[in-house]
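Here is the structure we will look at.
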Amino acid sequence: MDNSSNKNIPPLTKEQIWRLYQLSKMSDDEIDYSDIPEITEEEWKQKFKPSRLRRQKQKLAS
């Protein structure tokens, strides 16, 4: 994977690290997802096509 797009991301602050730590200790039931719209079945199929996730076959020299 190419990490060149991550060059301009600033490091996390201490507060952000603390919040991520707190989230990691929570169960999924305790996290409030209400501000995130649900993805529909059609959107899921459009964005996450299994064929896009498979590795491409490479030809070997014969």
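Residues in residues 22-42 take part in no ring-ring contact (aromatic ring centres under 6.0 Å, His included) pair, two or more places apart or across chains.
Heavy atoms of other residues, nucleotides or ligands lying less than 6.0 angstrom from CD of Glu15 number 12 at most.
Summarising the geometry of Asp32 relative to Ser34, their closest heavy-atom pair is OD1-OG, 2.7 Å, with the distance given to 0.1 Å. The two atoms that bring Glu43 and Glu38 nearest to each other are OE1-O, 4.0 Å, heavy atoms only.
With sequence neighbours excluded, the residues that form a side-chain contact (heavy atoms from CB on, under 4.5 Å) with Ile17 are Leu12. Not counting sequence neighbours, the partners of Leu23 by the side-chain contact (heavy atoms from CB on, under 4.5 Å) test are Met26, Ile31.
For the atom pair CD (Glu30) and NZ (Lys25), the distance works out to 11.0 Å, reported to the nearest 0.5 Å.
Residues Ser27 and Asp29 have side chains that never bring a donor and an acceptor to within less than 3.5 angstrom of each other.
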